[in-house]
Amino acid sequence: MCELLGMSANVPTDIVFSFSGLIRRGGATGPHSDGWGIAFYEGRGCRAFHDPVAGANSEIAELVRHYPIKSRTVISHIRKANRGRVCLENTHPFLRELWGRTWCFAHNGQLSGIKKLPLEYFHPVGTSDSEFAFCWLLDRLRRRFGATPPSQGKLTAVIRDCLVELSDYGVFNVLLSDSRQLLVHCSTRLTWITREAPFGRARLVDSDMAVDFSQLTSPGDVVSVIATDPLTHDERWTPMSPGESLVFRAGRPHKIPTTRP
């Protein structure tokens, strides 16, 4: 299986600390050595880096680790290939445009039979079941709402229903964003933590690296980090339940209502 990392914050924040822990799992402390990627939203823009090699050995990953890009929403992924060969086009996160927004998607799990579903507006570049599911999701939104997006609340509820529907095809742990919010769906395993004042110290599980957040933050900062497994030793992470969906806005988690009967 792959591993996911996401961040939602109310102020531009760098993810160097958490990314340093995740990327060690890409071939050093973990087996996820079939590529990695990360996307940072900056306003309406999205800056992305991908590399189809083990993250622990990637020079591009080293650049990201030492280049503190500040963002309010980040999605990252390390890959253990199970569907689709190891190559750049199969490396998450995947990006597409819909309604003048850049959508970003990363998936952990396997989906069986997903490629039998029809596609109309969006088509995969690579061969992974993950990218196909992303294209199907955006297709569904485009067919349902046409050229004009609905309100954010209605859109979020419909996306949640689509994610639950896709979960019927297998393991489907997902991070998804359109720059305005970060949607998280748990099929089997995801965990999260919200950091806010009073800030404390934390040490990574996968690296001899610690940070005192009180020295790097302001009292009003709110930052949530989502990961497949906890990245730090000395903080309390909240595990998500199978089938649970959350939306993070400005660092705060919210339950997503469903329109499904």
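What you find for V11 and D221 is that their closest heavy atoms are CG2-OD1, 3.6 Å. Shown here for V222 and N10, the closest heavy-atom pair between the two residues is N-OD1, 2.9 Å. In this structure, M7 and V223 approach most closely via the heavy-atom pair CG-CG1, 3.8 Å. Across all non-hydrogen atoms, the minimal contact from E89 to E131 is O-OE1, 4.0 Å. Across all their heavy atoms, C2 and H77 have their closest contact at CB-NE2, 3.3 Å. Counting all heavy atoms, side chain and backbone alike, R65 lies closest to E62 at NH1-OE2, 2.9 Å.
Annotation: R143, atom CZ; neighbour count of heavy atoms from other residues, nucleotides and ligands within 6.0 Å is above 12.
A donor-acceptor pair under 3.5 Å is absent between the side-chain atoms of S8 and the main chain of T73, judged by distance alone. Proximity of a side-chain donor or acceptor of S76 to a complementary backbone N or O of G37 within less than 3.5 Å is detected. Side-chain N or O atoms of H32 include none that pairs as donor or acceptor with a backbone N or O of I23 at under 3.5 Å. Side-chain N or O atoms of T232 include none that pairs as donor or acceptor with a backbone N or O of D234 at under 3.5 Å. The backbone N or O of C104 lies less than 3.5 Å from a partner atom in the side chain of Y41, making a donor-acceptor pair. Formation of a donor-acceptor pair under 3.5 Å by the R189 side chain with backbone atoms of P239 is not found in this model. In this structure, the side chain of S58 engages the main chain of I60 through a donor-acceptor pair within 3.5 Å. In this structure, the side chain of S179 does not engage the main chain of R44 through any donor-acceptor pair within 3.5 Å. The backbone N or O of T127 sits less than 3.5 Å from a side-chain atom of K115, completing a donor-acceptor pair.
Cluster membership check: F105 does not share its hydrophobic cluster with V184, using side-chain heavy-atom separations under 4.5 Å among Ile, Leu, Val, Met, Phe, Trp and Tyr. Residues F145 and Y121 fall within the same hydrophobic cluster, defined by Ile, Leu, Val, Met, Phe, Trp and Tyr side chains chained together at heavy-atom separations under 4.5 Å.
Here the CG atom belonging to L176 is positioned 14.0 Å from the CZ atom belonging to R160, to the nearest 0.5 angstrom. Distance NE2/H92 to OG/S128: 5.0 Å, rounded to 0.5 Å. Once rounded to the nearest 0.5 Å, the distance linking CD of E235 with CZ of R203 reads 12.0 Å. To the nearest 0.5 Å, atoms CD1 (I226) and CG (L246) are separated by 8.5 Å. In this structure, NE2 in H233 is found 13.0 Å from CZ in R201, a value given to the nearest 0.5 Å. Taken from CG in D139 to CZ in F132, the straight-line distance is 8.5 Å, to the nearest 0.5 Å.
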Between N173 and T188, does the side-chain hydrogen bond (donor to acceptor under 3.5 Å, both in side chains) criterion hold? Intermediate values first, please. CA-CA 7 Å; N173 302 299; T188 54; 2.9 Å; yes
Should L5 and I15 be marked as a side chain to side chain contact (heavy atoms under 4.5 Å, CB included) after you check the CA-CA gap, both sets of side-chain angles, and the distance that decides it? CA-CA 10 Å; L5 170 65; I15 200 171; 3.9 Å; yes
Assess the residue pair L141 and I159 against the criterion (side chain to side chain contact (heavy atoms under 4.5 Å, CB included)); give the C-alpha distance rounded to whole Å, side-chain angles, the decisive distance to 0.1 Å, and a yes or no. CA-CA 8 Å; L141 297 179; I159 291 174; 3.9 Å; yes
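Side-chain contact between I69 and E42 is present, with at least one heavy-atom pair separated by less than 4.5 Å. With a 4.5 Å cut-off on side-chain heavy atoms, T156 and R249 count as touching. A heavy-atom distance below 4.5 Å is not found between the side chains of S167 and V174. Annotation: side chain of W36 is in contact with side chain of V64 (closest heavy-atom distance under 4.5 Å). Using a 4.5 Å cut-off on side-chain heavy atoms (C-beta onward), P230 and V205 make no contact.
Relative ring orientation between W99 and W103 is described as perpendicular, the plane-to-plane angle rising above 60° on a 0-90° scale split at 30° and 60°. The aromatic rings of F40 and F49 lie perpendicular to each other, with more than 60° between the two planes, well past the 30° mark. Note on ring orientation: taking the six-membered ring where Trp is involved, the planes of W192 and F248 are perpendicular (angle over 60°, cut-offs 30° and 60°).
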